[in-house]
Amino acid sequence: MLDQLYRKLVIDHAKYKRNFGRLKGEGVRKIHYKNPTCGDVITLYIHIQDELLTNVSFEGEGCSISMASSSMMTELIQNKDIKTVSSIRSEFEQLIRQGEQSDDQIDLGDALSLQGVHKLKARHNCALMAWQALDKVLHDVDSYKGMKK
């Protein structure tokens with residue numbers, strides 16, 4: 001029953017993408033990212049002010065898993081500080097690669113519904129695509145570099 005609920009949540013995020021669209025304005029960082037294994041693509045937009053991700057959005061096309069994960073990620077990291085975002089990103093990657101969280105104190109929100117992707121190794125990159133784009137767009141933020149695990 002829980003698997004069915006999670007499946008519905010993934011489908012809902014894939015169909016009704018949250019924070020979908022271009023983010024414009026001064027200080028907006030963006031990155032275009034392509035999943036090399038399947039061709040899914042996103043452009044991730046973030047606005048950082050005083051170590052806080054004040055606005056996050058994305059555009060893209062891809063499978064249900066990549067689009068749902070992108071939608072979930074934008075909701076999860078919106079209005080969070082860099083340190084928290086780094087912890088969430090690391091924890092989500094742990095969830096996908098290992099099948100479980102290493103720190104259950106970190107709230108993954110709806111993204112927890114993607115835990116089952118762990119069993120589908122070929123789909124790991126789909127679930128991690130937006131998170132890898134996030135990693136790349138934040139690569140030069142000093143406080144983020146110091147937090148990466």
Side-chain angles (χ1 to χ4, degrees), residues 1-23 28-49 51-139 141 143-144 147-149:
M1 185 166 147
L2 190 57
D3 283 345
Q4 200 170 9
L5 178 65
Y6 280 170
R7 193 171 300 121
K8 286 181 181 181
L9 190 56
V10 170
I11 290 168
D12 185 66
H13 270 275
K15 189 173 181 180
Y16 305 106
K17 300 168 191 80
R18 281 59 154 190
N19 304 303
F20 189 80
R22 183 172 296 179
L23 189 60
V28 171
R29 295 169 175 245
K30 76 174 187 175
I31 187 165
H32 185 73
Y33 196 80
K34 181 177 182 180
N35 182 344
T37 58
C38 69
D40 292 0
V41 295
I42 67 164
T43 301
L44 179 65
Y45 303 90
I46 63 169
H47 183 265
I48 303 171
Q49 185 172 348
E51 299 290 312
L52 191 71
L53 276 70
T54 59
N55 210 344
V56 183
S57 70
F58 77 102
E59 296 177 307
E61 293 181 13
C63 69
S64 294
I65 292 172
S66 68
M67 293 297 100
S69 183
S70 299
S71 175
M72 292 170 182
M73 182 193 77
T74 62
E75 279 197 318
L76 196 55
I77 65 173
Q78 191 96 253
N79 294 310
K80 299 275 191 322
D81 63 77
I82 297 285
K83 180 180 177 183
T84 302
V85 167
S86 178
S87 296
I88 291 169
R89 188 210 59 79
S90 294
E91 197 62 31
F92 182 75
E93 185 169 355
Q94 169 80 19
L95 180 76
I96 297 302
R97 298 207 187 276
Q98 306 302 322
E100 58 190 22
Q101 287 189 252
S102 60
D103 182 351
D104 60 3
Q105 297 300 309
I106 296 176
D107 181 11
L108 292 178
D110 289 354
L112 189 58
S113 67
L114 292 167
Q115 183 173 12
V117 172
H118 164 71
K119 298 173 188 169
L120 309 167
K121 198 165 189 89
R123 303 305 294 272
H124 285 194
N125 283 337
C126 299
L128 293 171
M129 182 176 73
W131 301 83
Q132 291 165 345
L134 175 68
D135 204 33
K136 289 196 179 301
V137 80
L138 292 175
H139 80 280
V141 177
S143 57
Y144 185 75
M147 293 302 303
K148 282 182 64 175
K149 292 181 180 182

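Not a single donor-acceptor pair under 3.5 Å links the side chain of Thr74 to the backbone N or O of Val56. A donor-acceptor contact shorter than 3.5 Å links the side chain of Asp40 to the backbone of Cys63. Within the 3.5 Å criterion, the main-chain N or O of Ser102 finds a donor-acceptor partner in the side chain of Glu91. Side-chain N or O atoms of Ser90 include one that pairs as donor or acceptor with a backbone N or O of Ser86 at under 3.5 Å. Of the possible polar contacts, one joining the Ser57 side chain to the Gly21 backbone as a donor-acceptor pair under 3.5 Å is found.
Using modelled atom types, one finds no donor on one side chain facing an acceptor on the other under 3.5 Å when comparing Asn19 with Tyr45.
Contact annotation: the side chain of Cys38 approaches that of Cys126 to within less than 4.5 Å [non-hydrogen atoms, C-beta and beyond]. Residues Leu53 and Lys80 fail the side-chain proximity criterion, which asks for heavy atoms closer than 4.5 Å. Side-chain contact between Arg29 and Val141: present, with at least one pair of heavy atoms (C-beta onward) separated by less than 4.5 Å. Side-chain contact check for Lys30 versus Leu23: every heavy-atom pair is 4.5 Å or farther apart. At a threshold of 4.5 Å between non-hydrogen side-chain atoms, the residues Leu95 and Glu100 do not count as touching. Side-chain contact between Leu138 and Ile48 is present, with heavy atoms from C-beta onward closer than 4.5 Å. Taking the side chain as every heavy atom from C-beta outward, Val117 and His124 approach each other to under 4.5 Å.
Distance check, rounded to the nearest 0.5 Å: NE2 of His32 to CG of Leu44 gives 12.0 Å. Remark: Asn79 CG to Asn55 CG distance equals 8.0 Å, nearest 0.5 Å. To the nearest 0.5 Å, the span separating CD on Gln78 from CD1 on Ile46 amounts to 10.5 Å. Rounding to the nearest 0.5 Å gives a distance of 10.5 Å between CD1 of Ile11 and OG of Ser113. To the nearest 0.5 Å, the span separating CG on Leu108 from OG on Ser87 amounts to 10.5 Å. One distance of note links CG of Asp12 with CE of Met72; it measures 8.5 Å at 0.5 Å rounding.
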Evaluate the criterion side chain to side chain contact (heavy atoms under 4.5 Å, CB included) for residue pair Met129 and Met67; output intermediate values, then yes/no.
-> CA-CA 9 Å; Met129 182 176 73; Met67 293 297 100; 4.2 Å; yes
Under the side chain to side chain contact (heavy atoms under 4.5 Å, CB included) rule, what do Leu112 and Gln101 come out as? Steps first, then yes or no, please.
-> CA-CA 9 Å; Leu112 189 58; Gln101 287 189 252; 3.7 Å; yes
Side chain to side chain contact (heavy atoms under 4.5 Å, CB included) between Asn125 and Gln132, intermediate numbers included | CA-CA 9 Å; Asn125 283 337; Gln132 291 165 345; 4.0 Å; yes
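Pairs of residues two or more places apart, or lying in two chains, that qualify as ring-ring contact (aromatic ring centres under 6.0 Å, His included) and include a residue from residues 53-94 are Phe20-Phe58, Phe92-Trp131.
Ser71 and Arg18 get closest at one heavy-atom pair: OG-N, 2.9 Å. Nearest heavy-atom pair, Ala133 versus Ile31, reported as atom, atom and distance to 0.1 Å: O-CG2, 3.7 Å.
Leu76 pairs with exactly one of Thr84, Asp110, Ile88 by the side-chain contact (heavy atoms from CB on, under 4.5 Å) rule, that one being Ile88.
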